[in-house]
J.: 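If you scroll down you'll find the structure; I have some questions about it.
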Amino acid sequence: MAFRSLATRKTLSLGLNSTRLTQSRALQTFSLPDLPYDYGALEPAISGEIMQLHHQKHHQTYITNYNKALEQLHEAIQKGDSSTVVKLQTAIKFNGGGHINHSIFWNNLAPIHEGGGEPPKGSLGWAIDTNFGSLESLIQKISAEGAALQGSGWVWLGLDKELKKLVIETTANQDPLVTKGPHLVPLLGIDVWEHAYYLQYKNVRPDYLKNIWKVINWKYASGVYEKESA
Amino acid sequence: MATSQNSALLPSQAKFELKPPPYPLNALEPHMSQATLEYHWGKHHKTYVENLNKQIVGTELQGLSLEDIVVVSYNKGDVLPSFNNAAQAWNHEFFWESMKPGGGGKPSGELLDLIEKDFGSFDQFVEEFKSAAATQFGSGWAWLAYKASEKDKKLEVIKSVNAVNPLVSDYFPLLTIDVWEHAYYLDFQNRRPDYISTFMEKLVSWEAVSARLEKAKVQAAK
């Protein structure tokens, strides 16, 4: 299934002699990316019901609210309304972060028949063994961090581009990984908000974290790692 | 709220019990399903109580009331390990008692007077409470709370993250709604605003809120 572009450009066109007018910036709006697989394709690890709600409701709502916040920000910037500009930062972090994180997440998952669960080879596989001893050890650590996270958030495998090493991090709510360090690049993120697993796993988050590894798309993570560590 | 602690035991044996809601688990249907109560009370709340008991064994927290453990382990924001379990144990017991079968409607008497004084009208209070509950991003709670100082006695709507509650800021909690996703996901999925409206219209026990206000005024006078 082809991806729709994450962004469609919507230009504010004023048509007249631009030297007479105040510079107007193009306002980019975002739209829901298609999943690269059917909603039911990750079963039994993650149910089709969850995938559909998660994509069509939760992710879509982040995008809708992100677009709204950006439009309000655009207006506030043009008016020079600093108070509103600053006030909007929370909404932008929540909703923009939600869009960023979920867009990565859909790529982090793949049906088993398309390589979901297949261990990473190549340079990422080697880096995991070097940093963590083994893939099993990495999985155990990420799962433990994800299970221990209180409230809502994400657990990440990231590349620290400056220190040139792999790190495990958690972020609260929809904070993207970069909020934990400007040199951190997300390779793999696992959503541990309750909406990501509740209908299927109820309160037993550890079971969700045990089963999700069967559909983790290590090919994608490897691709990002190779590109970012070049 | 009575603490669910067996005070007949020595402090070294003291442990908290999982108190059942003051109604059967199916009594809030169709507004809050039996399945939700079974998981929310029977698993989530139960786990907080069990883990709290394990955590306080042999510590100086054992033997304290649940409220005291919450405040002590909040530690002015630099929380001790037991805070999360203690506060969530307290919050959930308070939550079950904030609801009743055939709930909703409007408060009366002094509670209504205070609401009208501090919010303008009951409808404005409802708007503010619903907004707080809807905009608490991620996990948390929304509260109606009472603050008594030398100068003033007033009601406030507060929202809090994760396990935090108004006890730690010296407020008297009067009403709460749980807005962690586990509180509404089985019944409402992503539709938190529908859950909040249903809570206000069909579940709130204004009797419980009034009784708490009475207690709060007595305590504030001391």
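Numbers restart at 1 for each chain; the letters A, B, ... are given by sequence-line order, proteins then strands.
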J.: NZ of A/K57: more than 12 outside heavy atoms within 6.0 angstrom?
T.: no
J.: A quick test of your reading: do over 12 heavy atoms of other residues, nucleotides or ligands sit less than 6.0 Å from NZ of A/K87?
T.: no
J.: Quick one: OG1 on A/T61 to CZ on B/R192, what's the gap to the nearest 0.5 Å?
T.: 12.0 Å
J.: Set out, in order, the CA-CA distance, both residues' side-chain angles and the distance that settles side-chain contact (heavy atoms from CB on, under 4.5 Å) for A/K202 and B/L186, then state yes or no.
T.: CA-CA 9 Å; A/K202 311 296 191 303; B/L186 295 181; 3.8 Å; yes
J.: Would you compute the distance between atom CG of A/L149 and atom CG of B/N162 and round it to the nearest 0.5 angstrom?
T.: 8.5 Å
J.: Report the distance from atom CD of B/Q88 to atom CD of A/Q150, rounding to the nearest 0.5 Å.
T.: 8.5 Å
J.: For atom NZ of A/K180, decide whether the heavy atoms of other residues, nucleotides or ligands shown that lie under 6.0 angstrom number more than 12.
T.: yes
J.: Against chain B, work out which of A/L53, A/N203, A/T90 has the most heavy-atom pairs shorter than 4.5 Å and name it.
T.: A/N203
J.: Is B/N190 close to chain A through its backbone or its side chain, or both, or neither, when contacts mean heavy atoms under 4.5 Å?
T.: both
J.: Is the shortest heavy-atom distance from the side chain of A/H58 to the side chain of B/E181 under 4.5 Å?
T.: yes
J.: Near B/K130 NZ, under 6.0 Å, is it more than 12 heavy atoms from other residues, nucleotides or ligands?
T.: yes
J.: Around atom CG of B/D170, are there more than 12 heavy atoms of other residues, nucleotides or ligands at under 6.0 Å?
T.: no
J.: In terms of heavy-atom contacts, does NZ of B/K147 have more than 12 from other residues, nucleotides or ligands at under 6.0 Å?
T.: yes
J.: Answer yes if the ring centres of B/H44 and A/Y198 are under 6.0 angstrom apart, and no otherwise.
T.: yes
J.: With a 6.0 Å cut-off (strictly less than), is the heavy-atom count around OH of B/Y39, excluding the residue itself, greater than 12?
T.: no
J.: How far does OG of A/S152 sit from CH2 of B/W180, to the nearest 0.5 angstrom?
T.: 7.0 Å
J.: Parallel, tilted or perpendicular for A/H195 and B/Y185, by the 30°/60° rule?
T.: tilted
